Each structure stands twice: as structure tokens, then as C-alpha cells.
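Here is the structure we will look at.
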Amino acid sequence: MHDIRAIRADPDAFDRAMERRGLTPSAAEITGFDAETRATQTTVQALLAERNEIGKKVGQAKRAGEDTAALEARGRAVAAEIASAEAALPAQQAQVLGLLESLPNILDADVPDGPDETANVVLHTHGEPARFNHPAREHFEIGEALGLMDFATAAKISGSRFVVLKGALARLERALGQWMLDLHTGEHGYTEHVVPLLVNDATMYGTGQLPKFAEDLFATTDGRFLIPTAEVPLTNLVRDQILAPADLPIRAAALSPCFRSEAGSAGRDTRGMLRQHQFTKVEMVSVVAPDASDAEHERMTQCAERVLTELGLTWRRVFLCAGDTGFSAARTYDLEVWLPGQKAWREISSCSNTRDFQARRMKARVKIGKDNLLVHTLNGSGVAVGRALIAVLETHQDAEGGVTVPEVLRPYMGGLERIARG
RNA sequence: GGAUGGGUGGCCGAGCGGUCGAAGGCGCACGCCUGGAAAGUGUGUAUACGUGAAAGCGUAUCGUGGGUUCGAAUCCCACCCCAUCCGCCA
């Protein structure tokens with residue numbers, strides 16, 4: 001959501017910002033509707049003031065025992081004027097709001113220009129792509145050969161883009177989630193949360209999924225939605241709140257299932273568990289004062305990077321370009337892991353600073369002195385568990401079809417050092 | 001699903017259709033008192049929009065949306081949510 005006053009103050013800057021996103025300029029349209037709306041509002045408010053004045057006089061006259069018929073008649077006349085004057089208002093307000101809430105966030109100045117992921121900029125790389133003395137297999141080949149990853153049965157139960165994990169792989173999934181959450185809560189200052197997976201429309205609106213991206217969500221028959229990420233409930237913890245400075249920063253983390261319809265991605269990543277309707281993710285959310293979000297963004301990204309490093313994975317940090325940055329984000333760093341089997345870098349975490357974009361939708365503020373300032377909100381995966389499992393399988397596979405368990409996970413795996421068939 | 005009660009400011013909690021943006025208390029801020037503190041005491045303390053250079057002025061907001069009325073926190077209707085009890089259930 002955008003600040004209409006900022007657009008009024010500098011419509012050209014707003015148009016340039018939207019052009020970076022590949023959108024046609026709309027500031028003139030917005031400010032035009034806004035001017036109409038305010039003109040109507042001013043007229044209506046003057047009439048309301050008159051009505052209130054008459055109402056007061058009626059009250060005084062009645063107490064004094066005077067005749068009020070003439071005043072009441074005037075009141076009725078003004079009421080009729082109000083009704084006709086304000087008739088246009090709801091539609092006018094909806095026009096302005098509709099534009100403001102459907103346009104993406106303004107990008108930071110240093111976000112690289114570019115239309116799509118090919119223009120993203122690699123900032124740094126950790127480790128070398130693994131080399132094997134045997135053919136590197138993809139995660140689903142490894143998992144199916146182990147007899148612990150079953151897509152056919154999942155398809156029978158639910159359809160495509162689901163998986164059944166068994167035995168050591170099921171436990172590996174659990175171990176990854178547990179260990180990551182323990183790391184962030186134990187060493188990175190995040191507070192563990194268990195949050196609703198089913199949320200209402202106001203919550204989805206707060207983080208920007210609604211009204212524009214309803215088709216990406218699963219909706220329930222009673223009007224709720226399955227969360228596509230724990231970012232949604234975690235960020236909405238501060239919705240409609242005025243916080244004290246001492247409340248900040250808020251750092252919240254959760255391990256949760258995520259549900260995505262994947263509408264529009266038909267045919268992409270159909271093999272394996274890279275792109276599923278349901279997956280597990282550890283999510284980090286920070287709520288900070290406006291001047292603190294840059295440092296927090298860097299900090300949060302490093303928290304996610306540490307996860308990948310400790311799992312012995314090869315990864316790189318990518319600065320998303322204008323065309324690849326999500327709707328609510330002002331800037332985003334993706335972390336990509338190298339998948340030796342697929343021989344490709346794949347996204348495993350995404351850390352975004354939304355600045356006040358979500359806070360304005362949520363009316364989440366902090367009282368600093370006399371002012372109520374919108375907070376800044378940030379979110380980052382720390383990291384996607386399903387994709388981490390893929391990366392561990394492909395990175396730590398061996399010639400016999402086994403997989404070495406990263407040391408940090410062994411306490412969570414009952415001491416198991418290697419996953420093997422049998 | 002059935003029954004009952006209830007949604008008022010940062011929190012608790014009053015509120016006869018007009019003088020109610022709303023008593024009182026708590027909390028908070030500033031001052032007085034004190035060697036310092038506590039206690040006591042005084043003053044102040046909602047949000048949003050419009051308008052204005054500013055001070056200010058205006059408007060809206062008592063769960064949401066409608067209605068009655070010159071005028072609604074207060075009356076009427078619908079809906080939402082919460083609590084408690086019963087039933088069902090992990």
C-alpha cells in the first residue's frame with residue numbers, strides 16, 4: 001500500500017518508481033481521483049458541520065421551551081443535501097484505494113534494473129560446486145532408490161505436487177526443521193511461535209496476498225485461507241497496534257507447513273519435491289523502527305546463510321533485480337543452493353525488507369515522541385525445509401546411493417551418520 | 001450444533017436520544033513536595049482524514065453495515081466476533 005500524500009507531493013518520482021517495475025505511469029490518474037475525492041469530502045464535511053450546528057440549536061431551543069419546527073425543517077433540508085453530496089464518495093474512495101493497493105512497493109534505489117531473473121546480481125558465493133567420482137543423481141532418484149520418497153502414492157492420495165517421505169527421510173525433514181528453529185531461537189534472538197495456518201482475509205490483506213493474489217492461495221469453505229508462508233500470521237501479530245519503542249525490535253520465528261496453489265506454474269519443476277503444494281519452512285519475521293530496517297535486513301540474511309553453511313552446502317547470495325522482486329518488497333536477497341544432481345542454482349531462501357508497505361496496510365505503528373510512525377517489517381526464510389532436504393541429499397550423496405548426514409543434524413537423527421538403503 | 005451473556009479510548013470500566021470524544025480508575029508524561037525515593041498532589045495524555053504557512057478549525061470513529069430522528073455510544077434491523085454452559089470431538 002502506498003502513501004497517497006507521497007504521490008501528491010512528487011507524482012513524477014512515483015511514476016519513475018513504477019516504471020522500474022515495468023508498469024505504466026498512473027500518478028496522474030491517482031492524483032486526479034484523489035482530488036475529486038477530497039473535493040467531495042470537503043463539501044460533505046461542511047454540510048455535516050451545518051447539520052451538527054442545527055442539531056445543537058434544536059436541543060437548546062427545546063430546553064428553553066421554544067418552538068423548533070423551523071429549525072427542524074432546515075435540518076431536513078440539509079440532510080437531503082448531505083445525502084446527495086455524499087452519494088459519490090464511496091465509489092471515489094474505492095477508486096483511489098483500488099489503485100493504491102494494487103501497485104507494488106517502491107524499490108530501493110540500488111536494486112538492479114532488469115526484467116526478470118536473468119538480471120539478478122550475484123553478491124557472493126560460499127563454497128565450490130561439489131564434484132563426485134560417480135554420476136551425480138537428482139534428489140528424487142536418490143530418495144526413490146532408498147525407498148523413502150514416494151511420489152506415486154502421494155499422487156494417489158492427493159494428486160500431483162505432493163510427496164510421501166518415510167523412515168530416515170521423514171526424520172531428516174523433521175530434524176532439519178527442528179535444528180533450524182533451535183538455531184534461530186537459541187542463537188539469533190528469534191522468539192519461537194506456533195501460529196494459525198488458517199487465516200482470515202484481513203490478515204491476508206495485511207501482508208499483501210489479497211486482494212491481488214487470491215489465485216495463489218487455497219481457500220476454505222468457510223472463507224479462510226491456508227497460509228502460503230508463516231510470514232503471514234507472524235507479521236500480522238502487530239496488525240492494528242501502536243507499539244512502544246521498547247517493544248522493538250520484534251523477532252519472531254516459526255516452523256510451519258506452507259500451502260501454495262502454484263497456479264500459473266504448470267509444467268515447471270514437475271519432477272521431485274522442488275515445487276509442492278505443501279512444504280515446510282522455518283520463517284523469520286522482524287518488526288523494527290523505520291531507521292533500523294537496513295541493518296536488520298542484513299542481519300536476517302546472515303541468519304539464513306549460516307543455516308546453509310552449517311549444513312555444508314554451496315550457496316550464493318543474489319540481489320534480485322527490479323523485475324524479479326516481489327510485490328511487497330522494497331529489496332530482496334535470495335539465497336540459492338547449488339544442486340549437484342540438477343546442476344543448477346536453486347532458491348532456498350528469500351529475505352525481504354518491505355519497509356512500511358505492509359505496515360501501512362496493517363496499521364502497525366510505533367509511538368516515537370508525539371508521532372505514530374509506521375514500523376518496518378521484514379521477512380526471510382530460514383530456510384525452506386523441503387528444499388534444504390533436497391540440497392542435503394544431492395550434496396552429500398555417495399557412490400553407493402547413500403547420504404551422509406550433516407553433523408549438526410545427527411543429534412536430531414538419533415546419532416545416525418549415513419542414510420542408506422535397508 | 002443448542003442456550004445465555006457481551007463487544008466503549010494503551011488497559012479496566014461508567015454512560016437518561018442533545019451540553020458525550022465520551023465520567024471514574026489504572027498506566028504513561030511533565031511539574032510540585034523530598035537530601036534522594038516512595039507516598040501524596042497538580043496538569044496533561046485516542047486515532048484517522050480534510051483544511052491551513054502555522055496556531056488552529058472542521059469531520060469521522062463507542063464490533064461491522066444499514067435504518068429511525070433536526071440530532072444516535074444510547075432506539076430498531078441484519079451480520080461478525082468473543083466469553084460461558086450443554087452436546088460432539090483431536
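In what follows, chains carry the letters A, B, and so on, assigned in the order in which the sequence lines appear, proteins first and then strands, with residues in each chain numbered from 1. Being a predicted model, the structure only gives us computed values, none of them experimental.
Side-chain contact check for A:Ser261 and A:Asp216: no donor-acceptor pair (N or O, by modelled atom type) lies under 3.5 Å. At a cut-off of 3.5 Å, with distance as the only test, no side-chain donor of A:Arg360 or A:His2 sits close to an acceptor on the other residue. With no hydrogens or angles considered, a side-chain donor-acceptor pair links A:Thr377 and A:Thr354 at under 3.5 Å.
B:U69 sits 12 Å from B:C76 when the C1' atoms are compared, rounded to a whole Å. A gap of 14 Å separates the P atoms of B:C79 and B:G1, to the nearest Å. Going from the P atom of B:C88 to that of B:A73 covers 45 Å, rounded to whole Å. The P atoms of B:G50 and B:G25 are separated by 36 Å, rounded to the nearest whole Å. B:A3 and B:U8 are spaced 26 Å apart, taking the C1' atom of each and rounding to whole Å. Nucleotides B:G42 and B:G5 have their C1' atoms positioned 42 Å apart, rounded to a whole Å. One C1' atom belongs to B:U74, the other to B:C62, and the distance between them is 10 Å to the nearest Å. With both ends at atom P, the span from B:C77 to B:G87 equals 32 Å, rounded to whole Å.
For the atom pair CG of A:Asp324 and CG of A:Asp116, the computed distance is 7.0 Å after rounding to the nearest 0.5 Å.
At the heavy-atom level, A:Leu48 lies under 4.0 Å from the strands shown only through sugar-phosphate atoms.
Residues passing the side-chain contact (heavy atoms from CB on, under 4.5 Å) test with A:Lys156 are A:Thr153, sequence neighbours excluded. Residues that satisfy the side chain to side chain donor-acceptor pair (under 3.5 Å) test with A:Arg174, not counting sequence neighbours, are absent from this structure. Shown here are the side-chain contact (heavy atoms from CB on, under 4.5 Å) partners of A:Ile242, two or more places apart in sequence or in another chain: A:Arg365, A:Lys367, A:Asn372. Partners of A:Phe140 under the ring pair (Phe, Tyr, Trp, His ring centres under 6.0 Å) rule, at least two apart in sequence or in another chain, do not exist in this structure. In this structure A:Ala13 satisfies the side-chain contact (heavy atoms from CB on, under 4.5 Å) test together with A:Asp10, A:Arg16, sequence neighbours excluded.
For residues 279-305 of chain A, the pairs satisfying salt bridge (charged side-chain N to carboxylate O under 4.0 Å, His left out) are A:Arg251-A:Glu296, A:Lys281-A:Glu283, A:Asp294-A:Arg355, A:Glu298-A:Arg317, A:Glu305-A:Arg317, with sequence neighbours left out. For residues 271-295 of chain A, the set of pairs meeting the ring-ring contact (aromatic ring centres under 6.0 Å, His included) definition, not counting sequence neighbours, comprises A:Phe162-A:His277, A:Phe218-A:His277.
The local environment of CD in A:Glu407 is sparse, with at most 12 non-hydrogen atoms from other residues, nucleotides or ligands closer than 6.0 Å. Within 6.0 Å of the CZ atom in A:Arg224, the count of heavy atoms belonging to other residues, nucleotides or ligands does not exceed 12.
Separating the CG atom of A:Leu243 from the P atom of B:U47 is a distance of 14 Å, rounded to the nearest angstrom. Distance A:Gln93 CD to B:G50 P: 11 Å, rounded to the nearest Å. Note: CD1 (A:Ile242) to C1' (B:A48) measures 10 Å, nearest angstrom. To the nearest angstrom, C1' of B:A48 lies 8 Å from CZ of A:Arg365. If you measure from atom CD1 of A:Ile82 to atom P of B:U59, you get 11 Å, rounded to the nearest angstrom. A straight line from CD1 of A:Ile54 to P of B:U59 spans 12 Å, rounded to a whole angstrom. Taking atom CD of residue A:Gln60 and atom P of nucleotide B:G18, one finds them 14 Å apart after rounding to whole Å. We find that CG of A:Leu97 is positioned 14 Å from C1' of B:A48, with the value rounded to whole Å.
In secondary-structure terms, RNA chain B builds stems of at least 3 consecutive Watson-Crick or G-U pairs, each pair having both distances under 3.5 Å, at B:1-7 with B:80-86, B:10-12 with B:24-26, B:27-32 with B:40-45, B:46-51 with B:56-61, B:63-67 with B:75-79.
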Listing time: all N or O pairs from protein to nucleotides 71-76 of chain B that are below 3.5 Å?
none

Check nucleotides 88-90 of chain B for protein N or O atoms closer than 3.5 Å to its own N or O atoms and list the pairs.
none

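Residue A:Glu347 comes nearest to A:Arg387 through the heavy atom pair O-NH1, 2.9 Å, listed as atom of the first residue, atom of the second, then distance.
In this structure, A:Asp113 pairs ionically with A:Arg20, as a charged nitrogen and a carboxylate oxygen lie closer than 4.0 Å. At a threshold of 4.0 Å, the pair A:Glu262-A:Arg161 does not count as salt-bridged, since none of the basic side-chain nitrogens sits closer than that to a carboxylate oxygen.
RNA chain B is contacted by A:Arg5, A:Arg8 of residues 2-10 of chain A, taking any non-hydrogen atom closer than 4.0 Å. Of the residues in residues 28-47 of chain A, those with a non-hydrogen atom less than 4.0 angstrom from any atom of RNA chain B are A:Arg38, A:Gln41, A:Thr42, A:Gln45.
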| said: Working note: A:Phe259 + A:Phe225, criterion ring-ring contact (aromatic ring centres under 6.0 Å, His included); need CA distance, chi angles, decisive distance, verdict. | reply: CA-CA 9 Å; A:Phe259 302 91; A:Phe225 299 89; over 10 Å; no
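Among B:A48, B:G18, B:G58, the nucleotide with an atom closest to any side-chain atom of A:Val58 is B:G18.
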